[in-house]
Amino acid sequence: MSTTDGVATVVIDNPPVNALGADLRRDLMTALRDAEADASVQVIVLAAAGRTWPAGADIREFGQPPRDPWLPEVCSAVAACPKPVIVAMHGNALGGGLELALAAHVRLADPGTRLGLPEVTLGILPGAGGTQRLPRLIGARAALGMMTSGLPIPAERALELGLIDAVTEGEARLAAQRLAAAHIAGEASLPSAAERPDHRMDASDWLAAVTEARKGLGVSRLPAPPRIIDCVEAALLLPEEEGFAYERTAFEELVSTPEAAALRHAFLAERRAARHPELAATKPREIAEIGVIGGGLMGSGIATACLAAGYRVTMIERDDQALTAGLARVATNRDRAVAKGQLSVADRETEWSRMSGATAMSALAGADLVIEAAFEDEGVKTAIFAELDGVVKPGAVLATNTSYLDVNRIAAATSRPGDVIGLHFFSPAQVMKLLEVVVAERTSPDVTATAFALAKRLGKVAVRAGVCDGFIGNRVLTAYRTATDFLLEDGASPYQIDRAMVGWGFPLGPYQVLDMAGLDISWARRTRLAEHRDPSERYVAIGDRLCKLGRLGQKAGRGYYLYAEGARTGTEDPEVLEVIAAERTAKGIEPRRITEAEIQRRALAAMANEGARILEEKIAARPSDIDLVMLTGYGFPRWRGGPMQMADQVGLLELRDTLRDYAREEETFWRPAALWDELIKNGRKFADLNAD
Ligand code: 3H9
């Protein structure tokens with residue numbers, strides 16, 4: 001704290017985001033008391049150092065024993081301060097950070113500030129007075145919008161809503177100090193609490209907003225949004241102190257739910273994923289120009305993502321016709337962005353000047369990075385890499401977008417395996433968040449660092465994976481499908497399994513996804529692996545039978561479901577049930593009754609066990625990376641945190657014993673990975689392997 005001419009300036013300094021952890025809260029209380037006690041101080045300015053005003057409470061403290069003073073106490077102390085407190089915000093004023101500002105007497109923000117209450121995305125609600133103070137200040141409707149969406153708003157919008165008093169010209173801290181000095185000199189008056197509108201005066205509008213919000217909740221199963229609405233209703237009906245107490249209770253309830261724990265885990269997993277010891281000392285290579293080989297759905301999606309992120313992009317296709325079609329796909333993708341208002345027509349024009357195409361690899365001579373997205377066949381890919389080796393400049397990164405193939409073998413087709421890496425994009429690549437970065441044996445660390453830097457610029461979540469068949473995501477997915485295929489043979493229907501998994505939180509069930517992707521893709525893979533399959537392994541041939549009947553999924557009008565012309569949702573089909581029944585008879589399996597709970601439990605056990613194997617083999621660096629892959633690429637419900645987080649929640653001992661039970665039916669697939677015993681023996685959980 002420093003004091004000049006009656007203005008005490010308290011600067012919050014807790015990098016990187018000024019999270020309001022216990023030490024900072026204590027220091028803030030001390031500074032406030034000192035300023036209060038100092039007779040020379042007339043106005044207090046609260047500002048923050050570094051890149052942002054506090055971006056919230058410290059997420060890492062949730063789930064730990066509470067430490068005094070609590071944030072609500074700090075906020076109450078600010079609100080009750082007999083001397084005016086002016087806050088000067090910049091960067092991200094989020095969560096508890098915004099609540100601290102709401103407690104102050106005057107709020108200023110610099111033009112780039114984003115303000116929001118994103119607690120709902122963490123499964124909780126604003127617990128430091130936000131649910132009470134914000135609706136009073138800006139009205140129940142606008143406050144509910146901010147709190148149930150969790151989306152931040154820009155400073156200009158906050159000013160329109162009455163959430164802040166001014167958007168400053170230049171640095172907010174200086175503007176706050178000037179305002180304080182002017183107030184002391186009697187040249188400016190600060191807005192007083194009595195002058196502010198109190199939206200509770202319009203009780204019927206307030207209640208109407210609450211009712212609308214309740215109706216708008218739909219089928220969401222998350223506990224936080226309805227509690228936020230309850231709190232806003234309470235803000236109207238209860239005296240302030242009781243409203244705060246009501247909010248506190250709701251916050252305490254929510255913060256200890258498994259949903260909140262899972263969402264916190266997902267948040268931290270996203271930030272942890274880019275941390276790898278080998279990357280600490282390396283710098284990414286410079287990338288300005290990217291070559292994309294292939295203009296199909298995947299290639300054009302990757303080109304779109306790269307173009308949108310500001311790179312120069314050259315697409316390579318085998319002939320003019322394919323190239324024209326590929327470029328047209330990219331153009332359509334960008335037109336959609338214009339239609340959605342994400343891109344202006346003028347920017348679209350400028351952007352397109354960075355896009356080019358060619359039919360000869362020689363056009364990639366100047367590329368800093370080449371991403372190959374050709375047909376998924378080792379022969380095709382190694383031939384491309386051998387050719388690239390002769391064309392592309394030294395130091396360029398050569399990436400393959402394979403989803404299953406051996407990146408070591410592809411790298412060996414070049415004279416520069418250190419420059420080769422796998423970049424496994426997910427379709428549609430311009431939309432899907434996940435990028436599996438497949439690090440081969442000889443990939444140099446700076447190439448891996450380049451992949452992570454690329455992902456950040458593309459706005460994607462990158463997860464490091466080692467080389468194996470299917471990397472992280474497709475391996476876990478295969479295990480999940482194997483488990484549900486066993487259930488198909490044992491007595492469940494694909495429709496019942498899909499319902500169970502959708503009921504569990506997936507957007508689509510496994511058979512709906514297969515129909516969408518095309519059954520032939522996994523059929524081709526099974527055929528490729530057939531000769532290496534252990535004959536003692538249980539093999540479910542239902543998918544193969546359906547493929548042989550031409551039931552290749554949505555594109556064929558029939559797969560596990562039947563599709564009317566052009567329809568994207570299918571109906572149940574008795575013919576599929578007949579195929580399944582015939583398979584059971586052929587194998588002598590007597591169908592049994594299977595519950596939804598059993599389907600869900602087996603699916604989780606299969607995914608978590610495959611995850612444990614992936615960890616043992618060091619294909620993933622940590623359990624949270626596996627969770628992140630499943631959350632961002634495979635529709636695993638974020639509020640369940642991922643299979644490894646769920647395994648921790650269910651209990652390792654319990655799940656290991658379940659696996660042992662299942663292994664009595666089928667040893668190869670269900671045998672628990674050794675890691676279960678190792679963790680159980682040492683009283684540890686998967687989370688302990690995440691090591692921040
Ligand atoms: C809350 O406030 C509850 C209250 O209502 C009630 C209390 C009673 N805590 O994202 P980045 C770390 S709930 C702890 O990569 P960016 C992050 O882990 C909170 N740590 O930067 C990372 O660490 P590392 C409501 C946090 O520039 C580093 O900071 N607030 C927190 O891309 C950099 O983060 C939110 O939900 C935190 N609150 O984005 C806001 N926030 O370097 C959450 C960040 O070790 N935060 N870290 O990997 C964000 O949305 C983004 O971090 C932000 C910056 C937009 C601020």
Side-chain angles (χ1 to χ4, degrees), residues 12 14-25 28 48 50-76 89-103 112-134 143 146-147 149-154 224 227-228 231 244-245 247-256 260-261 263-276 279-280 452-453 455-457 459-462 622 624-625 628 638 690-692:
I12 295 169
N14 184 25
V17 297
N18 284 317
L20 291 154
D23 293 343
L24 175 55
R25 296 197 300 273
L28 258 177
R51 60 189 215 214
T52 185
W53 175 259
D58 189 333
I59 292 173
R60 288 163 221 265
E61 280 182 9
F62 297 151
Q64 310 287 331
R67 285 172 62 194
D68 285 338
W70 289 5
L71 192 55
E73 287 171 51
V74 180
C75 292
S76 297
M89 293 177 271
H90 72 289
N92 291 287
L94 302 176
L98 183 57
E99 293 176 288
L100 179 67
L102 284 169
T113 315
R114 296 174 343 130
L115 304 96
L117 291 172
E119 283 85 347
V120 71
T121 62
L122 294 166
I124 52 175
L125 49 72
T131 66
Q132 307 299 295
R133 291 194 175 100
L134 187 64
M146 284 181 73
M147 291 191 284
S149 74
L151 294 174
I153 55 171
R227 298 299 279 141
I228 289 172
C231 287
F244 288 143
E247 175 195 86
R248 187 78 219 159
T249 309
F251 178 85
E252 295 294 340
E253 265 169 40
L254 289 173
V255 82
S256 52
L263 290 166
R264 277 198 302 275
H265 168 75
F267 176 89
L268 294 173
E270 271 175 16
R271 270 119 194 121
R272 194 182 290 129
R275 264 183 252 148
H276 295 281
L279 302 184
F452 274 91
K456 198 168 170 88
R457 179 138 164 215
K460 303 214 181 284
V461 173
R622 49 178 87 88
S624 67
D625 281 0
L628 197 53
R638 190 173 169 94
N690 288 331
D692 275 312

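Note that this is a predicted model, so its numbers are computed, not measured. Whatever order the structure lists them in is the order used to number ligands and atoms, beginning at 1. Side chains are part of it too, since the values below use all heavy atoms of this structure and drop only hydrogens, waters and symmetry mates.
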Under 3.5 Å, sequence neighbours excluded: what are the donor-acceptor pairs made by side chains of residues 115-134?
unit_1, atom_1, unit_2, atom_2, d
Thr121, OG1, Pro118, O, 2.6
Thr131, OG1, Glu247, OE2, 2.6
Gln132, NE2, Cys231, O, 3.0

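- Under the 4.0 Å criterion applied to side-chain N and carboxylate O atoms, Arg67 and Asp23 are assigned as salt-bridge partners.
- Looking at residues two or more places apart in sequence or on another chain, you find no side-chain hydrogen bond (donor to acceptor under 3.5 Å, both in side chains) involving Arg264.
- Note on ring orientation: taking the six-membered ring where Trp is involved, the planes of Phe62 and Phe251 are perpendicular (angle over 60°, cut-offs 30° and 60°).
- Side-chain contact check for Asn92 versus Val17: every heavy-atom pair is 4.5 Å or farther apart.
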When you pair each N or O of ligand 1 with protein N or O atoms, which pairs come out under 3.5 Å?
unit_1, atom_1, unit_2, atom_2, d
ligand 1, 2 (O), Ala57, N, 2.8
ligand 1, 2 (O), Gly96, N, 2.8
ligand 1, 5 (O), Glu99, OE1, 2.6
ligand 1, 5 (O), Glu119, OE2, 2.5
ligand 1, 5 (O), Gly127, N, 3.1
ligand 1, 9 (N), Ala57, O, 3.4
ligand 1, 9 (N), Ile59, N, 2.9
ligand 1, 10 (O), Arg271, NE, 2.7
ligand 1, 10 (O), Arg271, NH2, 3.1
ligand 1, 18 (O), Arg60, NH2, 3.0
ligand 1, 21 (O), Arg51, NH2, 3.0
ligand 1, 27 (O), Arg51, NH2, 3.0
ligand 1, 30 (N), Ala55, O, 2.8
ligand 1, 38 (N), Ala57, O, 2.9
ligand 1, 45 (O), Arg275, NH2, 3.2
ligand 1, 48 (O), Arg275, NH2, 2.8

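- Remark: Glu73 engages no residue in a side-chain hydrogen bond (donor to acceptor under 3.5 Å, both in side chains) (not counting sequence neighbours).
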